[in-house]
Each structure stands twice: as C-alpha cells, then as structure tokens.
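Model, not experiment: these values are computed from the prediction.
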Amino acid sequence: MVVNFLRDFKNYLRLKKLEKNYSRAFFIENKFLYKYLVQYINYKESALISYEKFDISNQSDTNLFIFKTNFFQQLVFLTINIKYIYSSTPGLNQTIFQKSKLYNNKYIYIQHSSIGLINAYNHDAFLNFDVVQVTNKFQLNDLNIINKRYNKKIKVLKSK
C-alpha cells in the first residue's frame, strides 16, 4: 500500500510538471480499453492515464501515468489541466472519474461498442460529457433524446 502511494505521488508530480506539454489526455481505465482508443492517440501530444500498466504499441511509456490508489486517482482528475480529456468510460462525475474543479477541460466520450446510449447505460451516464462519439443512427437518436430530455448541449462526434 505505501509503495503504491509513493509511486502514485511520484507519477502525480511528473504529470503536473509535464501536463503543459500535452493538449490531450486519454483516460484508459484498464488494458482492455486501450485497443478502442489507440487509433485516436497522437503520442507526442497525449498523456495516457490509467489504473494499470499496459503495453502501448511500441511507444515509449514516458507519457503513461499509472495511479493505483483511490486518493491519487481522484486527485488527478480533480486537478488535471489538459484541454481535451478522452475516455471510453461513461459516468463522468459519478465515480472517481471526475471533471476538474480547477480548469475548464473538454471531455470527449469515445465509443467502445455500438449499443444504444439510453437502455444499456445509466440514464445519466453521458450528461457531463461535452462531446459523445456516435457510431450509428440509434446512438445519434439516443444522444438527441438525452440532449432534449435533460436540456443539454452535448456535441455529436459522428464516426463509423
């Protein structure tokens, strides 16, 4: 436990020192989600934040920041200062994955499945995202319903 805390502290300081070099951060909760996000990552301008270590496709892992303790996982998200935060994890502000309290970052949800957004997820899973990627007309319809029902202005990112 103490070892994880000390490693997290070191990673947190490293992230805070380097975050001005990044225009994007990718929250990759676990190694299984990486394959859905890898196509969007420009390694020169992206920080990768995770709860576990994984192989990052023959790239240097200098921009991989791993946090194992709940304290640092939450602290990172509450204090991050990187303009765009990409995630394939829904439920922003409902778990440790929180919007920054100090900076006006933009949060973009990247799909890892083609299922609907209303029936497969909690009713408020996407309410705190600024942009949600949709991959089919059902997701587009669901996002339009979410925007109307909750008086939101979540932008649509269409893709195949």
Side-chain angles (χ1 to χ4, degrees), residues 1-113 117 121 124-135 139 143 146-147 152-160:
M1 288 281 220
V2 173
V3 172
N4 284 339
F5 186 86
L6 293 174
R7 283 185 187 144
D8 285 1
F9 180 63
K10 181 181 172 185
N11 269 332
Y12 180 75
L13 293 177
R14 190 169 62 91
L15 176 62
K16 295 310 285 177
K17 179 182 176 184
L18 295 173
E19 70 184 359
K20 66 184 176 293
N21 299 331
Y22 301 120
S23 60
R24 302 175 191 178
F26 286 84
F27 172 43
I28 305 170
E29 190 171 2
N30 58 55
K31 63 185 175 186
F32 303 108
L33 291 176
Y34 176 68
K35 64 184 173 187
Y36 300 107
L37 297 172
V38 68
Q39 64 186 326
Y40 302 103
I41 299 172
N42 176 332
Y43 292 93
K44 291 181 182 176
E45 59 186 46
S46 301
L48 309 178
I49 299 168
S50 184
Y51 297 159
E52 61 185 51
K53 186 159 179 58
F54 54 88
D55 181 30
I56 58 173
S57 300
N58 301 322
Q59 300 290 324
S60 168
D61 64 357
T62 57
N63 55 344
L64 177 59
F65 301 88
I66 300 166
F67 299 96
K68 297 209 177 250
T69 61
N70 286 345
F71 175 79
F72 279 102
Q73 288 169 355
Q74 191 163 24
L75 182 64
V76 164
F77 293 120
L78 291 174
T79 64
I80 195 166
N81 184 19
I82 299 177
K83 185 166 180 144
Y84 298 103
I85 313 293
Y86 293 81
S87 175
S88 189
T89 301
L92 180 61
N93 283 350
Q94 298 172 356
T95 64
I96 288 173
F97 181 38
Q98 301 269 321
K99 280 190 165 191
S100 175
K101 301 298 183 198
L102 304 176
Y103 303 100
N104 189 24
N105 308 321
K106 300 295 180 198
Y107 293 82
I108 298 112
Y109 181 79
I110 302 294
Q111 293 293 340
H112 62 270
S113 73
L117 304 179
Y121 296 96
D124 54 356
F126 301 100
L127 296 182
N128 293 301
F129 283 95
D130 298 294
V131 179
V132 172
Q133 178 192 37
V134 298
T135 60
Q139 289 178 342
L143 190 56
I146 290 168
N147 276 332
K152 300 296 277 184
K153 294 181 181 175
I154 303 167
K155 292 183 177 138
V156 175
L157 174 63
K158 293 182 184 178
S159 66
K160 295 180 182 179

- request: List in chain and number order the residues that pass side-chain contact (heavy atoms from CB on, under 4.5 Å) with Val156, two or more places apart in sequence or in another chain; answer none if no residue qualifies.
  value: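 Here the qualifying residues are Val134, Leu140, Leu143, Lys158.
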- prompt: What are the two closest non-hydrogen atoms of Gln111 and Ser88, and how far apart are they?
  reply: C-OG, 4.2 Å
message: Using every non-hydrogen atom in the two residues, find where Pro90 and Tyr109 come nearest and quote the distance to one decimal.
response: N-CE1, 3.5 Å
Only counting residues at least two apart or in another chain, list the ones meeting ring-ring contact (aromatic ring centres under 6.0 Å, His included) with [X].
X      : result
Tyr86  : Phe26
Tyr121 : Phe126
Tyr107 : none

Would you say that [X] contacts [Y] through its side chain, given a criterion of any heavy-atom pair below 4.5 Å between the two side chains?
X      : Y      : answer
Phe65  : Leu18  : yes
Asn105 : Lys99  : no
Leu33  : His112 : yes

Which donor-acceptor pairs under 3.5 Å do the side chains of residues 44-52 make with protein atoms, sequence neighbours left out?
residue: Glu45; atom: OE2; partner: Arg24; partner atom: NE; Å: 3.1
residue: Glu45; atom: OE2; partner: Arg24; partner atom: NH2; Å: 3.2
residue: Ser46; atom: OG; partner: Asn42; partner atom: O; Å: 2.8
residue: Ser50; atom: OG; partner: Ile28; partner atom: O; Å: 2.7
residue: Ser50; atom: OG; partner: Glu52; partner atom: N; Å: 3.1
residue: Ser50; atom: OG; partner: Glu52; partner atom: O; Å: 2.9
residue: Glu52; atom: OE2; partner: Lys31; partner atom: N; Å: 3.0

Enumerate, atom names and distances included, each donor-acceptor pair closer than 3.5 Å involving a side-chain atom of residues 66-73, sequence neighbours excluded.
residue: Thr69; atom: OG1; partner: Asp8; partner atom: OD2; Å: 2.6
residue: Gln73; atom: NE2; partner: Phe67; partner atom: O; Å: 2.9

List for me each residue that meets side chain to side chain donor-acceptor pair (under 3.5 Å) alongside [X], sequence neighbours excluded, and say none if there are none.
X     : value
Tyr43 : Tyr34
Arg7  : none
Thr62 : Ser60

field: Residues forming a salt bridge (Lys or Arg N to Asp or Glu O under 4.0 Å) with Lys53, sequence neighbours excluded
entry: Asp61
- request: Output all residues satisfying salt bridge (Lys or Arg N to Asp or Glu O under 4.0 Å) with Glu19, sequence neighbours left out; order by chain, then residue number.
  value: Lys16
Would you mind writing out the side-chain donor-acceptor pairs for residues 75-84 within the sub-3.5 Å range, not counting sequence neighbours?
residue: Thr79; atom: OG1; partner: Tyr12; partner atom: OH; Å: 2.8
residue: Thr79; atom: OG1; partner: Leu75; partner atom: O; Å: 2.8

